[in-house]
Amino acid sequence: YPEPDVVALDDRFKPYKLGNSPILRLHTGCLWAEGPAWNGVGRYLLWSDIPNDVQLRWLNEDGHVSTFRNPAGNSNPLYTGEVFGEDNVKNTDAFDPGSSGGSTQTTLTTGVTVTWAPTAGATGYKVFRALGAAGLRPVALRAKEGLALINGTDGILGMLCLALHDLSQLGRVADLAAAMTIEGLLGTDRAFAAELQALRPQVGQAVSARNLTRILAGSPIVASHREGDSRVQDAYSLRCTPQVHGAALDTMAHARTVAQRELDAAIDNPMILLDGRVESCGNFHGAPVAMVCDFLSIAVAELCAIAERRTDRMLDKARSHGLPPFLSPDAGVNSGMMIAHYTQAAMAMEAARLATPASTQSLPTSAMQEDHVSNGWAAARKLRRSVDALRRVLAVEITCAAAAIDLRAPLQPAAGTGAAVQFLRQHVAGPGPDRWLSPELRTVETLLHDGRLLDAVESVTGPLEVN
C-alpha cells in the first residue's frame with residue numbers, strides 16, 4: 001500500500017477524538033488520498049475539508065481496500081497519528097493547491113503551532129519535520145516498547161471504556177423513553193413504588209424505578225386514569241421496565257468494576273519486576289474484558305428488545321388504548337410510524353444477533369503455543385455496534401412516544417416528559433401527514449448522542465441515576 005497520510009477511525013467510532021489514548025489504540029483503518037491538497041483541521045481532518053476531487057482509499061479492519069470520494073455533508077473526524085512522526089500533518093489554512101509560496105500553519109497534538117511554506121500540489125507536511133521545526137522530537141520506541149503498545153488488552157479495554165461511557169447515558173435515556181411510552185399508553189407508575197422495589201433488593205432495579213418515578217412525577221396523564229380504569233395491570237414491557245433496565249444497569253456496574261481493575265493492571269509479558277527479575281506470565285490474556293464485553297452485549301440486546309415491544313404497543317390500535325393506528329391522525333391514507341418501527345425492529349434483531357458471545361470462541365495459533373485466546377477484540381467490536389443500535393432503537397421509541405403524548409392532548413404530560421417533548425418539537429415535527437422520517441430519526445439520534453435531550457429533561461427533574 002502507499003504510505004498512509006492519515007490514520008482514521010471507522011465511523012462507528014466517530015464521536016471520539018481519541019488521540020493517542022493509552023487505553024485505546026485503533027490502528028485499523030489506514031487512509032490515504034490521491035488528488036490535490038486539502039485543508040485539514042489540526043489533528044483531526046473532517047470530510048467537509050476534503051474536496052470532491054480527492055479520491056480516498058480505506059483499509060478496512062478486515063484488510064479489504066475500499067475506494068470512495070467525499071460524501072457531501074459528512075463530518076466524521078479523521079484522526080492523524082502524530083506522536084510517532086509517521087504521518088502527514090495537513091495545513092489548517094486553505095491555500096491554492098496549484099500555487100507555492102506563502103505560509104501555512106498547523107497545530108500539533110502538543111498545542112505547538114508550526115508554520116511552513118507549502119509547495120505546489122503539496123498534500124501535507126511530514127510530522128517529523130514539523131516536530132523538528134517546533135524543537136520537538138517524535139517518540140522513538142526502544143526495545144520491547146512497541147510490543148507493550150500493541151500487546152495485551154489495551155484495545156479491548158479502550159472499546160469497553162467507550163461503551164461504558166455511552167451506556168451510562170443510554171441507561172438514563174432508556175428510562176426516559178419508557179416513561180414517555182408509559183404516558184403515551186396511559187400506563188401507571190404504581191408498579192414503580194419504592195416499597196415494591198425494596199421487596200426485591202436488586203440495586204439496578206431500584207435505580208431504574210426511582211428514575212421512572214422522578215420523570216413521571218406529577219403527570220396529569222397518569223393521574224387521569226387512576227380511578228375507573230378497567231385494566232388490572234400493564235403489560236410486562238411497561239410494568240417490568242425497572243427489572244429489565246435494572247438488570248442492564250447491574251451488568252454495566254459489573255463491567256465498570258472489571259474495566260477499572262484493568263486500567264490499574266500491568267498486562268505486558270514478560271514482566272520486569274521491581275527487583276529486576278524478568279518473568280513470563282499470562283496477564284495479557286483478554287478473558288476478563290472479553291467476557292464483560294459479551295455480557296454487556298446481552299444487556300444492550302435486552303434494552304433494545306423491551307424498547308421495541310413498548311413501541312409496538314403504541315402503534316397497535318388494539319393495544320394502545322385510544323391512539324390512532326401507527327400514530328397517524330389520518331390512518332389508512334397515511335402509514336404514520338409504521339416504517340420507523342420496521343427499522344427499529346430490524347435493529348433490535350441485529351442487537352440480539354450481536355449478543356451471541358465471541359469470548360466462547362477460540363482457535364489455536366503460533367504452533368499451538370497460543371492455544372487458547374479470548375477473542376476479545378471481536379467481542380469489543382460487536383459491542384460498539386450494539387451500543388450504536390441501542391441509541392437508534394431508543395431514538396425511534398422516543399419519537400413515537402412524543403407523538404403519542406401529543407395525541408393525548410388536552411391531557412398534559414409530567415414536567416420531565418413534557419420537557420423532552422418540548423425540546424424535541426424544536427427539532428422535529430409532531431404527528432401529521434406522512435413524510436420522510438429518516439432525517440427526523442437521525443436528528444433525534446443526534447440529540448441523544450450529544451446529550452442535549454437528556455440535559456433538557458434533567459434540568460427539570462434533576463440528575464437521573466446510574467448504577
Side-chain angles (χ1 to χ4, degrees), residues 8-19 21 24 26 44 46-48 71 73-79 158-181 211 215 245 248-249 252 256 296-297 299-301 303-304 307-308 311 340 343-344 346-348 350-351 354 380-402 416-417 419-429 437-459 461 463-464 466:
L9 298 182
D10 183 290
D11 75 339
R12 292 193 296 275
F13 312 117
K14 64 186 177 183
Y16 307 103
K17 297 179 179 179
L18 296 170
S21 166
L24 180 62
L26 296 174
Y44 303 102
L46 303 178
W47 283 117
S48 56
N74 196 329
S75 60
N76 297 359
L78 307 178
Y79 159 66
M159 293 288 283
L160 172 60
C161 290
L162 293 176
L164 287 169
H165 172 273
D166 284 5
L167 289 172
S168 68
Q169 178 197 68
L170 291 174
R172 290 173 288 162
V173 170
D175 286 339
L176 169 63
M180 294 174 68
T181 299
N211 285 343
I215 297 168
H245 287 196
L249 292 177
M252 296 173 205
R256 193 176 299 111
L296 281 175
S297 293
V300 169
L303 291 176
C304 289
E308 184 277 326
T311 304
T343 303
Q344 185 195 48
M347 291 184 292
E350 173 76 355
L354 292 169
R381 285 169 50 213
K382 69 183 183 66
L383 174 59
R384 167 47 47 192
R385 294 171 62 187
S386 296
V387 171
D388 290 344
L390 173 60
R391 185 181 295 109
R392 293 168 185 143
V393 165
L394 293 176
V396 174
E397 182 182 8
I398 285 173
T399 301
C400 292
T417 52
V421 175
Q422 183 179 12
F423 186 80
L424 284 171
R425 291 296 167 255
Q426 298 173 23
H427 302 274
V428 295
L437 291 175
S438 179
E440 295 185 8
L441 296 177
R442 288 187 179 277
T443 295
V444 178
E445 179 190 357
T446 299
L447 296 176
L448 299 187
H449 185 273
D450 62 23
R452 284 186 289 164
L453 179 60
L454 193 59
D455 287 345
V457 173
E458 291 185 327
S459 69
T461 64
L464 299 178
V466 179

Heavy-atom closest contact ([X] atom, [Y] atom, distance):
| X | Y | value |
| --- | --- | --- |
| Lys382 | Leu354 | NZ-O, 2.7 Å |
| His245 | Leu303 | CD2-CD2, 3.5 Å |
| Ala340 | Val396 | O-CG1, 3.6 Å |
| His427 | Thr443 | CB-CG2, 3.9 Å |
| Gln344 | Ala307 | NE2-O, 3.9 Å |
| Ala177 | Leu394 | CB-CD2, 4.2 Å |

Once rounded to the nearest 0.5 Å, what's the spacing between atom [atom1] of [X] and atom [atom2] of [Y]?
| X | Y | atom1 | atom2 | result |
| --- | --- | --- | --- | --- |
| Ser386 | Asp166 | OG | CG | 12.0 Å |
| Leu447 | Arg442 | CG | CZ | 14.0 Å |
| Glu397 | Thr311 | CD | OG1 | 4.0 Å |
| Met180 | Asp175 | CE | CG | 13.0 Å |
| Arg384 | Leu296 | CZ | CG | 11.0 Å |
| Glu458 | Leu464 | CD | CG | 4.5 Å |

Handout entry: Positive for side chain to side chain contact (heavy atoms under 4.5 Å, CB included) with Val173, one of Leu390, Ile398, Val457, Leu453
Key =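 Among Leu390, Ile398, Val457, Leu453, the one meeting side chain to side chain contact (heavy atoms under 4.5 Å, CB included) with Val173 is Ile398.
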Handout entry: Check: Leu448 main-chain N/O paired with Gln169 side-chain donor or acceptor under 3.5 Å
Key =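 Looks like yes, one N/O pair under 3.5 Å.
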Practice task
Report yes or no: does Arg172 contribute a side-chain atom to a donor-acceptor pair with the main-chain N or O of Ser168 at less than 3.5 Å?
Solution key: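 Side chain of Arg172 to backbone of Ser168, a donor-acceptor pair under 3.5 Å: yes, one is there.
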Exercise for the section: Show your working on side chain to side chain contact (heavy atoms under 4.5 Å, CB included) between Thr399 and Val428 and close with a plain yes or no. Expected result: CA-CA 9 Å; Thr399 301; Val428 295; 5.6 Å; no
Handout entry: Arg391 with Asp388: basic N within carboxylate O range, under 4.0 Å
Key =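 Salt bridge: yes.
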